[in-house]
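Please read all numbers here as calculations on a predicted model, not as lab measurements. Only this structure's heavy atoms are used, side chains among them; waters, hydrogens and symmetry mates stay out. Heads up: numbering here begins at 1 and tracks the sequence.
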Amino acid sequence: MINLLSPQAQTVNTSYMRELSIPAPLSSLYQIKQQYDFLRDYQVPSIEISREKNRYAFFWKKGIGKTILGTIIAKEKSQFGKVLIVVRKVTIRSPNGWLDHFRWIAPDLLYTDLCLNKSGKKEELIARRNLIDVPVYFINHEKFRLYWDVICKGIGTIIIDESSLLRNHKSHLTRSFSKADQKYNFKYIYPLSGLPAPNNPYEYFPQIRLVDKNLFGTSFEHFLSTYFRRANKKKGELGSYILKDSEQFMEKLRTVSVYVDGKKSDLPQEIVSPEYFELNEKQREYYNIVMSDIKDCVQTHKDLPIQSLLPEIAKTTKALEIICGFYINNTENKTIVIKTALYETVYNFLQTIPNEKVLIGCNFDAEQKLMASYLIKKRHSVALISGRHKDTERQKALDEFKNGNIQYLIANKKVLKYSVNLENIDYCIHTSLTHSFDDCDQFNGRIKRATGGQEHRTVSIIPMIAEDTICEPIFKAVQNKEDVSQAVLNYLLKN
């Protein structure tokens, strides 16, 4: 078989190049591969595109090297002016994060991290931005939202990591990027995301508007009415809006963006194998009380659009807390622990893989503490990562887990869903479920990493499911990549 990037090959016959319809001379692809010999074949065309296109969106499947792409773009565009990389703060200095990639790919490229703002005051950040003259600056999304007017002065290139954070066209963050581009007219803009539109295709709009204002226009309402229609609930259509013509929409999207999913063998095989348990009598009593109130309200207002019912749907989180063995007494502001079979079910599964290190994902602080307490009583080594921990504490827990000093890492899913590579961990347990497909998918992605030659590796995802509860429709919706809120609403109306 001829290597597509070898000098002998006469044509580039790959699906991603056909979809893009961008002529890339074979010699250029080959030169890129020679320059960056660590790149995999499917990564090379994106580098070519970044050289040809001033504005373009790169949607790379999680785990296949998005930070590599961003680092190379920053290195090459720094020759034409200053570069600003907008990223999550935790991804800058974490192992295998942005700075590690800079040391590897662009060791001579000077940069400064504007997140290192010890006082937290605007004046210090402004001083660092104005006094430190380097080709590349790092900033997190929140500080960009607050101080974009100062930070973006003199910037020629913007790289937006996790651009899916801009999916809400009304958010302050999205508006900040639009205002910054309007004022400074950046020459180069490159949004990067692994899951750009986790809920609905209309979430592409704010990200694509930064790349090409003319493609879908600047009015979200006009975009929505042009390409979407209301979902027909009577026909069982999920979500709020449905694409009128998905092929036409995707064809336009391909002119300004590319989705790269890599090679199948670069990512490990995934097996989802849920473990089931039953609620005890007391749990069932509490669970039924919570769910009964929610169901009554939903039934009474069932003719309202789903957006109006979202507050009631969100209340099912209280039911998930009870399944995890606790509830919050709001009157006394106390956490009340109740008996549950959840943690025993987790422990029984862990006993089947006694020598394995396991990542355990939780949604609630109380749930984390209960899981840790149970395992510690069984004389197992554990570490916790939650929103209450400092970055240094989180990193220490990660290092001990990777080094084998502890066996079980119990982490909050939202906290650990970005920029952590646990490519040697084969098991991920979810002690509770979440309404967010993005949280679940990103958390699983911590152990599903592209390290090459992984066709013989399998990772196991183990969700804990309480039988005959809200867990069942949530699990099914997440697995089928359906609208979780709609699935929960359907469950409430049927039951």
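By the 4.5 Å heavy-atom criterion applied to side chains, Glu203 and Ser164 are not counted as neighbours. Side-chain contact between Leu166 and Pro191 is absent, with no heavy-atom pair separated by less than 4.5 Å. Arg55 has its side chain within reach of Phe186: a pair of non-hydrogen atoms, C-beta onward, lies under 4.5 Å apart. Inter-residue side-chain proximity for Cys115 and Ile92 is flagged as met; some heavy-atom pair is nearer than 4.5 Å. In this structure, Ile72 and Leu39 have side chains that are in contact, with non-hydrogen atoms separated by less than 4.5 Å. Between Ile85 and Phe102, the closest side-chain pair of non-hydrogen atoms falls below 4.5 Å. No side-chain heavy atom of Thr91 sits less than 4.5 Å from a side-chain heavy atom of Thr67. Put simply, the side chain of Lys33 reaches to within 4.5 Å of the side chain of Asp41, judged on heavy atoms.
Under the side-chain contact (heavy atoms from CB on, under 4.5 Å) criterion, Asn168 pairs with Lys170, Ser171, not counting sequence neighbours. Judged as a side-chain contact (heavy atoms from CB on, under 4.5 Å), and not counting sequence neighbours, the contacts of Gln248 are Tyr227, Asp245. With sequence neighbours left out, the salt bridge (Lys or Arg N to Asp or Glu O under 4.0 Å) criterion links Lys213 to Asp181. For Lys369, there are no side-chain contact (heavy atoms from CB on, under 4.5 Å) partners, not counting sequence neighbours. Residues passing the salt bridge (Lys or Arg N to Asp or Glu O under 4.0 Å) test with Arg51 are Glu76, sequence neighbours excluded. Residues meeting the salt bridge (Lys or Arg N to Asp or Glu O under 4.0 Å) test with Lys414, sequence neighbours left out: Asp439. Considering only residues two or more places apart in sequence or on other chains, His101 meets the ring-ring contact (aromatic ring centres under 6.0 Å, His included) condition with Trp104. Taking the side-chain contact (heavy atoms from CB on, under 4.5 Å) definition, one finds that Lys315 meets it with Ile294, Glu312, sequence neighbours left out.
Residue pairs satisfying the salt bridge (charged side-chain N to carboxylate O under 4.0 Å, His left out) criterion with at least one member in residues 396-410, sequence neighbours excluded, are absent. The ring pair (Phe, Tyr, Trp, His ring centres under 6.0 Å) pairs that include a residue from residues 59-79 are Phe59-Tyr204, where partners are two or more places apart or lie in different chains. The salt bridge (charged side-chain N to carboxylate O under 4.0 Å, His left out) contacts involving residues 63-73 comprise Lys66-Asp161, Lys66-Glu162, where partners must be two or more places apart or lie in separate chains.
A distance of 12.0 Å separates CD1 in Ile429 from CG in Leu409, rounded to the nearest 0.5 Å.
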Exercise for review: Would you sort out whether Arg103 and Leu99 count as a side-chain contact (heavy atoms from CB on, under 4.5 Å), showing the intermediate values?
Suggested key: CA-CA 6 Å; Arg103 296 183 190 105; Leu99 295 192; 3.9 Å; yes
**Study point:** Test log, rule side-chain contact (heavy atoms from CB on, under 4.5 Å), inputs Thr335 and Phe364
**Key:** CA-CA 11 Å; Thr335 299; Phe364 313 109; over 6 Å; no
Review point. Phe38 and Ile68: side-chain contact (heavy atoms from CB on, under 4.5 Å), yes or no, with the steps?
Key: CA-CA 10 Å; Phe38 50 82; Ile68 292 176; 3.9 Å; yes
Point to revise | From CA spacing to verdict: side-chain contact (heavy atoms from CB on, under 4.5 Å), His430, Asn444 | key: CA-CA 9 Å; His430 294 255; Asn444 291 339; 2.6 Å; yes
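No close placement of the Phe223 and His169 rings is indicated, their centers lying 6.0 Å or farther apart. Phe216 has its ring centre no less than 6.0 Å from the ring centre of Phe205.
Put simply, the side chain of Glu270 never gets that close to the backbone of Ser460: no donor and acceptor are under 3.5 Å apart. Between the side chain of Lys75 and the backbone N or O of Leu109 there is no donor-acceptor pair closer than 3.5 Å. A distance-only check finds a donor-acceptor pair linking the side chain of Gln43 to the backbone of Ile64 [under 3.5 Å].
Across all non-hydrogen atoms, the minimal contact from Tyr343 to Met371 is CD2-SD, 3.5 Å. Of all heavy-atom pairs spanning Ile410 and Leu375, the tightest one is CD1-CD1, 4.2 Å. Residues Val260 and Ser46 approach most closely at CG2-OG, 3.9 Å, considering heavy atoms.
The local environment of CD in Gln79 is crowded, with over 12 non-hydrogen atoms from other residues, nucleotides or ligands closer than 6.0 Å. The number of heavy atoms from other shown groups lying within 6.0 Å of CG (Asn333) does not exceed 12.
A side-chain donor from one of Glu367 and Thr431 sits under 3.5 Å from a side-chain acceptor of the other. Looking only at atom types and distance, the side chain of Thr317 has no donor-acceptor partner in the side chain of His435 under 3.5 Å away. Looking only at atom types and distance, the side chain of Asp149 has a donor-acceptor partner in the side chain of Tyr184 under 3.5 Å away.
Both the sub-6.0 Å distance and the 45° axial angle are not jointly satisfied by Lys82 relative to the ring of Tyr137.
Tyr190 and Tyr188 have parallel rings, their planes meeting at less than 30° on a 0 to 90° scale where 60° marks the start of perpendicular.
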Exercise answer: donor-acceptor pairs, residues 324-331 side-chain atoms, under 3.5 Å, sequence neighbours excluded:
| from | atom 1 | to | atom 2 | distance (Å) |
| --- | --- | --- | --- | --- |
| Asn329 | OD1 | Thr331 | N | 3.1 |
| Asn329 | OD1 | Glu332 | N | 3.2 |

